[in-house]
Amino acid sequence: MNDKKRIYSGLNMYENQIPFMLISGRGAGFHVEQLIKKFEIFNLIIYDENLTFVKLSMHLIDWEPILVYFSQKCRTISFTYNSNPETLAQLILYTVKNINPMLATNIYFFNHLMNDFMKRVIEEVLKDGFLLVLGLGFYDDEIISLENTIININNNYPIFSLDNNNKMCDIPLFIVGSGPSIDNDIEFIKKNQDKAIICSAGTGISVLYSNGIKPDFHFEGERAPTKLNGIETGLVEKNLSLYNKDGYFDDIIFAGLNVLHTRVFELFKNKFLFFRASDCGSSVVSDKFTKVKITNPSVLNAIVSLSVILKFKSIYLFGADSGFRDNTKHHSKDSLYYTEHFNEIRPQKFKTIEGNFGGQISADVVLSWIRENIEAVLRIKNPETTVYNCSDGAKIKYTKPLRSSEIKLTKTYTKKQKQEPFLSKVKTYNKNDIFIHETIENTILNVIRDIEVLEQICNKYVKSITVRELYVIIQVIFDYIKQKPQATKSLLGGTIKTLSIYTYMHTMASMDNEKNNEFVKKYLQILLDFLKHAKEDLINRFLQDK
Amino acid sequence: MERLYKKNLELFKLKFDKNFIDDLQQSELSAFSIDSKNNDVDIYFGNEKIYPFGAKKSATLQVDEFIKNPKSYSMAPAEMGDPLGEFQDKYAKLIEQLLQR
């Protein structure tokens, strides 16, 4: 899709309201003075390479009325600056995410004194803006995470957590996914399996199994029944069971995110769990345990994030294509998705990106999301860590493209040596040391109190809300949730944000104000229905016997 | 101008964090010159005039143009692929059901 097509004039503007405006920072500042007189701007980000022009404007205009204007409730003004356009775009998106990710869906630009740098920044913002509204989570998913985490902790599985002794690790690490290009590299992996730690990611294990290779570690991260392009492929457990024969799992160490169903852990003799950050399940776990950031949408993301914090010196990505040259060759010929569901899967082209080894690669939303989240992790990695992308798929920023034929490894390692970097951080803990002191019941009671506050807000406006009030009401709800503990953020935040974002996107895209006013009343009614359901469900699940 | 700058700086100190203020204060303006005339200002970067007209007039023209033709970007949910599309369909159905009540 060409981003340029999506920039147009005539976005619906209600009574001169502009929820979010992005202004290039070059200039004397008179335009800012004038814009707040003509429009009701709620959030303004002024961006530039540096603060020179801001300082200049401070000699020319009185900023007091502007700062007073943006001191009112639900209004923000931010200055973002960096000499690298990509970094600046990320800073802008980070600022937007902190205010309200929904704002990334509708942006007004005031292109004052544009130059190539500013244009590049806007291109980057538009390219990555969609990430802000993906992966926000939803109630049912978070409930699964909470219940599975409690069971997994009560089952006493060993837990991964970093300690103070976290040195660089010299042993090469192979991360193996099931992208189609893995078929070209499988012989290399087979020949070098004693020279690197092999970690399989999700269905990557099917490729290794089919080629007689045993990974040292196998990782899974999917909590719910796996669904791919609408096809129910069953629990991860069901998929894995296909390879659980002839002792294949016996000396593989299984690493699962806390959200996984306990039956998946039970398939393996040797296992550990690790916690993900910003998750409802992890919210009941003490912060002294490592909670790994950016572990979604694919388990590949979880392994990359974990490997980076474990300070591996050399990480090699295989079958991490994050795209496809031909949408009929979407996975490795040996993967479950290829052998069992080949005809049903047709990834949709969302964007075209540069190939890791040249040419152009297509990617759908999820594959783009996987790639962008890997990049988000690698952007801030330890500079001593080098990540080699050996996959003939999408180019991944902050990795070095390297064909497997060019990799020269000489040193061999024993199984024990290969297990040590992960297992030295894995211990069994007393469950009383794992859970936060607050009981689960107290956590749930706090969430219920938050539900009741949100119900009051919705009830107050459900009869009278019009599109004019929509932004402010959504922002008040978002700000309320933002200051609450992780359990509220996870259980309520994701669903409410997603519902709000879609309501906002649709009302901004439609010029029919009468219908839109009806639409936003229904939005608050649906929100109330959700809150009522969530309250009843939480009581039934966690408090009924209390 | 210096007085205005000092007043603004004090206000900025109340609103923004110390790192931002430090960066702001360290920003170098020596390449700029300002020529005030006819209730407007011309700003030069070296010998190059930044605005074709005075800074105020240029801002007014640009704001007037923005009022007539605001530049905006809107994310198109239908183009976002299956995960969002599926959600959107479900949501649309739910809204439809409620509207029929």
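Below, chain A is the first sequence line, B the second, and so on; all start at residue 1.
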Exercise. Who wins among L35(A), V32(A), T52(A), L22(A) for the most heavy-atom pairs under 4.5 Å with chain B?
Worked result: T52(A)
Taking all non-hydrogen atoms of both residues, which atom of [X] and which atom of [Y] are closest, and how far apart?
X       : Y      : result
L51(A)  : L24(B) : CD1-N, 3.6 Å
F16(B)  : I77(A) : CE2-O, 3.8 Å
Y81(A)  : N19(B) : OH-O, 4.2 Å
F110(A) : Q62(B) : CE2-OE1, 3.5 Å

For the [atom1] atom of [X] and the [atom2] atom of [Y], what is their distance to the nearest 0.5 Å?
X      : Y      : atom1 : atom2 : value
T60(B) : K38(A) : OG1   : NZ    : 8.0 Å
D23(B) : N50(A) : CG    : CG    : 9.5 Å
M58(A) : L11(B) : CE    : CG    : 8.5 Å
Q34(A) : I67(B) : CD    : CD1   : 8.5 Å
H31(A) : L61(B) : NE2   : CG    : 14.0 Å
K56(B) : L60(A) : NZ    : CG    : 9.5 Å

Are there more than 12 heavy atoms of other residues, nucleotides or ligands under 6.0 Å from atom [atom1] of [X]?
X       : atom1 : answer
E514(A) : CD    : no
K515(A) : NZ    : no
K521(A) : NZ    : yes
N39(B)  : CG    : no

Exercise. Relative to chain A, which of K6(B), K7(B), E65(B), E28(B) shows the most heavy atom pairs under 4.5 Å?
Worked result: K7(B)
Problem set entry | Interchain contact, K55(A) with chain B, by part (heavy-atom threshold 4.5 Å) | both
Seminar exercise, completed: If one checks every heavy atom of F53(A) against chain B at 4.5 Å, the contacting part turns out to be side chain
For this session: Compare all side-chain heavy atoms of K37(A) with those of V63(B) and state whether any distance is below 4.5 angstrom.
Result: no
Exercise. Would a 4.5 Å heavy-atom cut-off, applied to side chains only, mark Y73(B) and I122(A) as touching?
Worked result: no
Exercise. For the residue pair H112(A) and Y51(B), does the interplanar ring angle fall in the parallel (under 30°), tilted (30 to 60°) or perpendicular (over 60°) class?
Worked result: tilted
For this session: Classify the ring geometry between F66(B) and Y108(A) as parallel (under 30°), tilted (30 to 60°) or perpendicular (over 60°).
Result: perpendicular
For this session: Check whether any side-chain N or O of N106(A) sits under 3.5 Å from a backbone N or O of S72(B) as a donor-acceptor pair, and report yes or no.
Result: no
Problem set entry | Region of L14(B) that comes under 4.5 Å of a non-hydrogen atom in chain A | neither
